[in-house]
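Take a look at the structure below.
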Amino acid sequence: MITLLSHLRTAPLSAKIGMGMVLITLIAAIFAPLIAPFGETEIAGDVWLFSSSTHFLGTDSLGRDMFSRLVYGARNTIAIAFLITFLSFVFGVTLGFVAATIGGWVDQLLSRMIDILMAFPTLIFALMVLSVVGTSIPALIIVIALLDSTRVFRLSRAVAMDIEVMEYVEAARLRGEKLWWIMRHEILPNAMPPLVAEFGLRFCFVFLFIAALSFLGLGIQPPAADWGGMVRENAGAITFGIFTPLWPAAAIAFLTVGVNLIVDWALHVASGLKD
Amino acid sequence: MKKLLEIKNIVIEGQTSDQWVPIVKGIDLTLKKGEVLGLIGESGAGKSTLGLASMAYTRPGCRIASGSIVFDGQELFDGSASLLRSIRGARIAYVAQSAAASFNPAHRLINQFAEGPVQHNLMNFSSAEEKAVTIYDQLLLPDPEHIGYRFPHQVSGGQLQRAMVAMAMSCQPDIIVFDEPTTALDVTTQIEVLAAIKDITRKYNTAAIYITHDLAVVAQLADRIMVLRDGQLVEENDAREILAAPKEEYTRELLSVRSFSTKGNKDKSGNKVILDIKDVTASYTGTEEVLSDINLQIRKGQTVALVGESGSGKSTLARVITGLLPQSKGSVLFKNKPLAPKLKPRSREELQRLQMIYQMPDTALNPRHTIRTIIGRPLQFYLKMNGRQREQRILELLEQIELPADYIDRYPAELSGGEKQRICIARALAAEPDLIICDEVTSALDQLVAEGILKLLLNLQQKLQVSYLFITHDLTTVKAIADEIVVMLNGRIIEQGPKKEILKPPHHEYTDLLLSSVPKMDPDWLDGLLEKRILAAAA
Amino acid sequence: MDFLKQNSIFALVAQRLSFGLLTLFIISLLIFIGVEALPGDFAEAILGQSATAETVEAFRQELNLDQPPVQRYFSWLGGFVQGDLGTSLANGRPIADLLGWRFKNTIFLASIAALIAVPLAVIMGIAAALYRNTFFDKVLSMTSLSMISFPEFFMAYILIALFSVKLAWFPSIANINEQMSFAAKLNAVVLPALTLTLVVMAHMMRQTRAAIINILSSPFIEMANLKGLNRLRVVVLHAFPNALSPVINVIALNLAYLVVGVVIVEVVFVYPGLGQLLVDSVSKRDIPVVQASGLIFAATYILLNLIADILSIISNPRLRNPR
């Protein structure tokens with residue numbers, strides 16, 4: 001923990017800014033009821049109000065307070081995106097490590113199956129599956145987590161393959177260690193740096209992906225506040241010179257820029273490059 | 001005679017995470033026309049960095065901080081880009097360690113040869129082509145008329161290295177910097193490249209800076225030798241004088257490395273047989289045999305050295321014994337019981353008694369484990385030791401390998417190469433084995449460090465009566481520690497027997513080639529050998 | 001064996017081609033099975049529980065649901081190959097008519113974006129790698145990092161707010177039809193094409209930069225420098241031929257990304273393309289249209305990846321000149 005903190009202190013300015021951005025968003029998400037002046041779905045005033053002292057960012061197409069919905073939206077969107085990324089890592093890393101350490105036909109079979117899944121654009125796949133099973137939060141989570149785990153599989157397999165050829169893994173095999181022990185004690189600790197960086201990248205991707213689905217009306221359903229959905233609800237206003245829909249869109253960009261700034265540094269550290 | 005190159009008080013720095021630290025700490029270097037200067041030192045001595053500085057070049061992350069580099073009357077330190085370009089390649093050329101990585105895979109050899117002279121406006125392409133054939137011929141490359149039209153990956157390692165010497169010669173430079181050009185090659189190939197370098201530098205009266213860690217190699221070529229250590233000059237003198245009468249202790253140590261040998265090996269032929277390999281044949285693909293009819297016995301407390309060049313199958317035999325590559329024919333008996341060909345069915349007891357030490361201590365130790373975990377795991381796994389008992393045993397093992405007790409909490413990255421290899425030895429010893437397979441355990445280490453490791457292994461053998469199967473390409477090591485020698489070529493055993501018999505003539509033809517190719521600390525060795533071979537070929 | 005070694009490049013290409021075809025076949029199967037696997041009766045699920053028995057029956061006949069699945073799959077696939085994509089549930093029109101024009105529009109939009117983005121991104125990526133760690137590189141790196149973090153619709157609305165609302169230079173709705181002249185069409189798609197360009201460029205530039213830096217750190221580049229060659233020659237003759245294969249991969253990957261990114265941009269600008277149709281049909285649960293347009297998207301995506309694979313094999317000097 002102490003080493004982690006001292007590590008953070010040596011981070012470059014850009015990564016520190018990134019951490020600040022993520023921290024702000026997280027605080028907003030966790031303490032939403034304390035921060036938001038109005039309720040998530042509460043009609044607080046007239047429609048399309050400009051920003052004022054009561055309505056910090058104005059009101060939306062139904063007269064709900066934009067700032068409050070933005071704060072609550074952070075909660076919904078981040079929680080779901082995090083859960084999906086986590087699940088996709090559980091699937092992807094486990095299968096990737098298994099493929100790399102067992103090798104042979106197991107690896108061949110898994111890799112070819114994943115190749116085929118990856119040959120299909122994720123958004124199109126998700127759209128088609130959701131059209132069939134309908135849009136519900138559990139369906140959304142499982143479908144995106146499964147699709148995304150293909151990318152995690154590829155990376156964790158490649159990373160594990162690089163570690164697998166190391167002699168310390170061979171030494172563990174020759175000692176008679178079980179497969180699970182080798183994966184847990186020899187491979188995982190060495191795979192952590194690239195996997196952590198990838199977690200950030202995948203989180204950004206999933207987050208943008210859900211935002212896109214919500215924007216298309218196929219993600220998190222109203223009236224729950226969700227940044228992508230909020231852009232969709234208010235999109236029409238922009239042609240009248242009302243920039244309300246830009247706020248949730250900017251919030252999405254704010255969080256992903258923050259995470260990407262950290263990831264950039266993490267990748268740099270993981271690769272051990274000097275420049 | 002006029003000085004061709006004069007480097008004065010040069011300081012070169014390398015970048016660590018937040019500051020610049022000196023790698024070369026104020027060294028002077030001079031070179032006359034046609035003179036060959038040997039730069040010798042262990043890793044971290046700064047010899048490559050200094051060699052490259054003669055072209056006013058530094059690798060990324062390094063810089064020349066101060067000093068002066070005067071070549072043929074021109075100051076290169078802070079020289080303009082166009083001045084440096086006009087000198088690099090044309091007047092000072094470079095030969096790298098790995099020709100395979102240093103040739104551009106996208107272009108034919110001849111185009112890369114001709115590029116220098118054409119770009120420096122010394123000749124047109126067709127005359128460069130003719131010149132290439134001449135130089136290829138002088139370097140004894142096969143089929144000099146056509147070999148240049150191949151791509152780098154279509155030529156063998158030793159030939160590619162000579163093709164790079166040819167490329168350096170293309171502009172007939174005043175100086176060539178040779179950066180460990182034979183280190184990656186087998187001994188028999190090394191001879192060819194050394195002879196080629198010596199011949200061509202003499203023929204064109206080219207001055208050279210020859211960088212190597214191997215005194216015996218540099219002794220064959222250099223007129224003068226500079227011994228470097230930690231970025232500083234230890235000793236500089238005429239080559240013959242340094243070899244005959246070194247002034248500094250460090251130079252003496254480097255010189256004595258090759259003379260180290262076990263005194264009076266006890267006869268172990270009466271000991272119990274630990275490992276018995278019978279008629280083993282193995283292959284990777286199922287068609288091409290990489291091992292054929294191998295028969296080999298190792299006795300208790302004995303060291304059997306397995307010698308061969310790359311591709312001889314010596315490491316493959318280790319994989320068969322450990323169960324990583326099941327043999328297709330024959331059997332391996334361990335303490336009179338047959339070992340299962342595959343790893344999985346072998347008992348924990350069998351695995352415990354057969355341990356392995358690897359070539360690269362860097363990749364043989366998990367960088368995320370502490371020394372305690374690394375040595376402690378086999379204790380826990382095989383001997384069910386835990387808590388204080390295990391801690392106590394780890395400390396004992398550390399003492400046995402002559403490392404301080406406080407290393408127990410360190411990570412491998414905090415240790416030097418030799419210390420890491422000692423940890424690997426301790427990990428193998430922790431299992432209390434009967435046989436340890438040592439796969440090129442000293443070839444990644446500096447010579448003095450390697451010597452220490454060999455001495456340690458011998459001491460441990462005397463104390464613990466453990467047997468070694470010592471796989472190596474280095475005949476000096478074999479002479480130093482073996483009780484028995486097994487010579488392999490193309491997957492077959494050519495010759496085997498007690499050390500004294502094998503090293504005593506008459507040898508098998510290939511053993512003779514191997515033995516005679518090991519450079520000796522004698523400046524006349526190469527010339528003498530080549531003469532002898534030419535005579536033999538004529539007869 | 002010898003023949004294969006001699007022609008390893010052809011063998012590799014043939015292998016990729018057959019894998020591409022196999023993938024396409026499996027995808028079509030997945031798309032079909034996906035619909036089959038619907039819980040309960042497909043017709044009821046689509047029409048809702050309030051549907052009368054007659055409408056359900058009519059619907060079943062419409063989709064040939066009374067035939068066995070294997071036969072239905074092959075008649076669907078067979079029809080697809082011959083250009084008969086079935087009829088839409090929403091308006092009963094032949095899907096081929098609906099799709100044909102929209103597919104052309106989507107290709108039109110994506111091509112314009114690609115024509116601008118690819119050369120610009122590759123040149124800027126190379127420049128950033130050459131002038132690494134300079135101010136220019138850092139600015140480019142920060143900008144592209146932000147760009148890849150922006151959702152496509154954010155970029156789109158910023159452009160609309162700026163060029164359509166504030167400056168009124170371009171329309172915010174990219175409505176095109178077949179009667180329009182080429183110039184008029186171009187004017188209509190400026191904003192959506194620009195959005196796509198910016199998003200794809202950022203990705204492509206970053207990956208190109210990484211690929212080139214990787215090549216520039218090779219020992220053979222050091223050797224080229226030590227031969228006293230000028231910088232341009234080192235980059236063009238020594239680095240570029242070896243960077244070709246990774247850069248081609250980067251380009252294809254991003255073109256494939258473009259095919260998907262187009263969906264959202266089409267929705268924002270109400271552009272009559274395949275992506276918007278797909279999204280509309282998904283919300284209307286017009287399954288035959290979803291199946292058909294999904295398969296077309298997938299086929300395009302697979303084709304682009306296939307071309308990239310083959311080009312990068314051909315551009316690899318080691319494979320082109322076997323031992």
Side-chain angles (χ1 to χ4, degrees), chain A residues 2-4 6-13 15 93 97 100-106 156 159-196 265-266 268-275, chain B residues 14-18 59-62 315 318-319 321-324 342-370 373-374 377-382 411-413 420 423-424 427-428 430-431 433 436-437 439-441 444:
Chain A
I2 294 162
T3 53
L4 185 71
S6 68
H7 220 71
L8 290 184
R9 208 164 292 140
T10 63
L13 182 66
V93 171
F97 280 13
T101 37
I102 296 183
W105 66 269
V106 177
S156 46
V159 170
M161 286 287 222
D162 285 349
I163 300 170
E164 218 271 329
V165 296
M166 293 290 170
E167 276 136 1
Y168 56 82
V169 179
E170 191 182 301
R173 267 180 213 279
L174 291 181
R175 198 188 304 137
E177 300 284 5
K178 297 272 181 299
L179 188 70
W180 181 250
W181 194 93
I182 292 178
M183 275 164 51
R184 168 78 188 73
H185 292 271
E186 305 287 353
I187 295 180
L188 186 64
N190 292 291
M192 271 327 259
L195 285 183
V196 167
W265 170 61
H268 191 78
V269 172
S271 67
L273 286 177
K274 276 206 171 134
D275 51 13
Chain B
Q15 197 171 21
T16 59
S17 55
D18 50 352
R59 295 241 155 90
C62 295
S315 289
R319 293 176 67 81
I321 299 170
T322 52
L324 290 171
K342 285 188 184 167
L343 180 63
K344 258 218 173 115
R346 295 188 182 181
S347 70
R348 193 172 280 199
E349 157 87 11
E350 284 167 341
L351 298 176
Q352 180 190 347
R353 300 295 173 194
L354 186 81
Q355 291 290 312
M356 179 129 183
I357 307 174
Y358 295 91
Q359 175 176 6
M360 299 287 195
D362 286 316
T363 54
L365 299 175
N366 190 332
R368 306 265 160 187
H369 287 173
T370 58
T373 317
I374 290 169
R377 179 63 189 170
L379 295 174
Q380 182 191 14
F381 188 78
Y382 294 125
Y411 285 92
K420 278 183 225 170
I423 298 296
C424 292
R427 176 173 64 184
I436 302 180
I437 300 177
D439 190 358
E440 301 270 11
V441 291

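Letters go in sequence order (proteins before strands), and every chain restarts at 1. Computed from a prediction, not measured in an experiment: that's the story for all the values here.
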Salt bridge flag under 4.0 Å for residues R368(B) and E186(A): no
H369(B) side chain vs H185(A) backbone, donor-acceptor pair below 3.5 Å: yes
Per-residue contact mode, L365(B) against chain A (heavy atom under 4.5 angstrom): backbone
pair L174(A)-L351(B): side-chain heavy atoms closer than 4.5 Å: no
R348(B), CZ atom: more than 12 neighbouring heavy atoms under 6.0 Å: yes
Heavy-atom neighbours of W180(A) CH2 exceed 12 at 6.0 Å: no
Top contributor to chain A contacts, counting heavy-atom pairs under 4.5 Å, from C424(B), P367(B), P378(B), A431(B): P367(B)
Heavy-atom pair of closest approach, residues A171(A) and Y358(B): N-OH, 3.7 Å
Residue among M192(A), M166(A), E170(A) with most heavy-atom pairs under 4.5 Å to chain B: E170(A)
From R175(A) atom CZ to F381(B) atom CZ, the distance as rounded to the nearest 0.5 Å: 7.0 Å
Contact origin within L324(B) toward chain A - heavy atom pairs under 4.5 Å: side chain
Contacting region of R346(B) [heavy-atom separation from chain A under 4.5 Å]: neither
Rounded distance [0.5 Å steps], OG1 in T363(B) versus CD1 in I163(A): 13.0 Å
